[in-house]
Amino acid sequence: MYDIKSMKENEIAQIVSHEGEPAFRAGQIFKWLGAGVSSFDEMTNIPLALRERLKETCLLYRPKCLNKQVASDGTVKLLWELFDKNAIESVVMSYNHGNTVCISSQVGCRMGCAFCASTRGGLVRNLTASEMLDQVRYSGFKAEKKISNIVIMGIGEPLDNFENVIRFLELVNHPDVLGIGMRHISLSTSGPEGGIRRLADEGLQITLSVSLHAPDDATRNIMMPINRKGGVARLIDDCRYYCLKTGRRISFEYIMAKGINDSDTHANSLITLLNGMSSELSPLIHVNLIPLNSVEGSAFRPSDPDRVSAFAEALKKGGIRTTVRRRMGADIDAACGQLRLKRRAQSPDRR
Ligand code: SAH
């Protein structure tokens, strides 16, 4: 079966021509899919015989919402069932400047970060472009909010699912699909080897968030085992390349874990590390301190609020632009992968 919702117009053209139909049908079908039809019968300008053939050869699945939680601050967390019964999460957050959906890029994750719920049980499979697109479209419907921004910051490591993520970005940006501008999209990555450079070479205008979490290898190795490949030095080198190549800014994410990465020494190393990236890049760099969400079965605890403030002040004094992220959806398990983790306890992954 073809995953037709993940296809570009020129790829649909190949199916159409295989069926002996004229090429312009591909544009018509692409537009219908972009408009979000859930059956081929809705494609009223497509001949019946072609519609029947498409039904036989193409998958047109729409994810089922298994759970919807609304937090007191309006954050909506959604658990979706995919065609193979695997489950993923999306979160809709409302800000003054519009509504943002946080989407997953994989079922599970193989990065193994010690503080993260999404990586328990490892990677099950990559999400297709259409499964990412559907999260944007149907999260908006379910939350009854118009989505203006996307962050790829849910379950999974997007650069470990590179081709599908790039395909998703092209589709979601397309005027016949959702038409969301690249500058309204952020991608968050732990920085697996080669990923950030490859992304830079795509020349997209998206914003990059890098899950740094520690300024030195000893600390980052404990938190993020993938750091063992190349270490912080390689990661920063990749980030420098990204800024120079795209001219886009990077937001460094730093979760504050009590007694792990939150000392004055860590703050000072972080200042040295980021100031060392190059003075011309400093306007493009920004640190986002995130209060850690405690995850069941993990020894990591959030830093005390006073420690977070002191850390933020130290960074600012050191010349680093710093914000402390507002916690959203704290009362509804909105931390990465927590809903899916609970569901897995009752219903295992489909591998
Ligand atoms: N794999 C990508 C994107 C998914 S994780 C990445 O690593 O960036 C999205 C963000 O949530 C990352 O910054 C991640 O470190 C953070 N995160 C994971 N578990 C968390 C927790 N328990 N508390 C707070 N942030 C967490």
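Computed from heavy atoms alone, side chains included, the values below leave out hydrogens, waters and symmetry copies. Both counts, for ligands and for their atoms, begin at 1 and track the order of listing.
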Qualifying salt bridge (Lys or Arg N to Asp or Glu O under 4.0 Å) pairs, either residue in residues 260-286, two or more places apart: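 Salt bridge (Lys or Arg N to Asp or Glu O under 4.0 Å) check on residues 260-286 returns D264-R307.
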Where's the contact between T189 and ligand 1, heavy-atom distance under 4.0 Å: side chain, backbone, both or neither?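 Just the backbone.
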Using a 4.0 Å heavy-atom cut-off, which part of H213 comes near ligand 1: side chain, backbone, both, or neither?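 Just the side chain.
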Salt-bridged, E170 to K8, with N to O below 4.0 Å?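 Yes, E170 and K8 are salt-bridged.
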Charged N-O contact under 4.0 Å between D134 and R62: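 A salt bridge is absent here (no side-chain N lies under 4.0 Å from a carboxylate O).
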Would [X] count as being in polar contact with ligand 1, using the rule that some N or O on each side must be under 3.5 angstrom apart?
X	value
F115	yes
N293	yes
G156	yes

Atoms of ligand 1 close to [X] [distance to a heavy atom under 4.0 angstrom, numbered from 1]:
X	result
S190	6 (C), 7 (O), 8 (O)
I255	24 (C), 25 (N)
V295	22 (N)
G154	4 (C)
S211	6 (C), 7 (O), 8 (O), 12 (C), 13 (O), 15 (O)
C116	18 (C), 19 (N)

Check contact between M153 and ligand 1, using heavy atoms of the residue and a distance below 4.0 angstrom.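 Right, M153 reaches ligand 1.
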When you compare the side chains of S263 and H266, does any donor N or O come within less than 3.5 Å of an acceptor on the partner?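 Their side chains do contain a donor-acceptor pair, which is all the 3.5 Å distance test asks for.
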So, N164 versus N126: side-chain donor-acceptor pair below 3.5 Å or not?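 Note: N164 and N126 side chains miss the donor-acceptor criterion.
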Checking side chain to side chain contact (heavy atoms under 4.5 Å, CB included) against V76, which of K68, K142, Q69, E144 comes through?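 Testing V76 for a side chain to side chain contact (heavy atoms under 4.5 Å, CB included) against K68, K142, Q69, E144 leaves exactly one candidate, K68.
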List in chain and number order the residues that pass salt bridge (charged side-chain N to carboxylate O under 4.0 Å, His left out) with E9, two or more places apart in sequence or in another chain; answer none if no residue qualifies.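 Checked E9 against salt bridge (charged side-chain N to carboxylate O under 4.0 Å, His left out); zero matches.
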Taking the six-membered ring for Trp, are F30 and H174 ring centroids under 6.0 Å apart?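 Ring centroids of F30 and H174 are less than 6.0 Å from each other.
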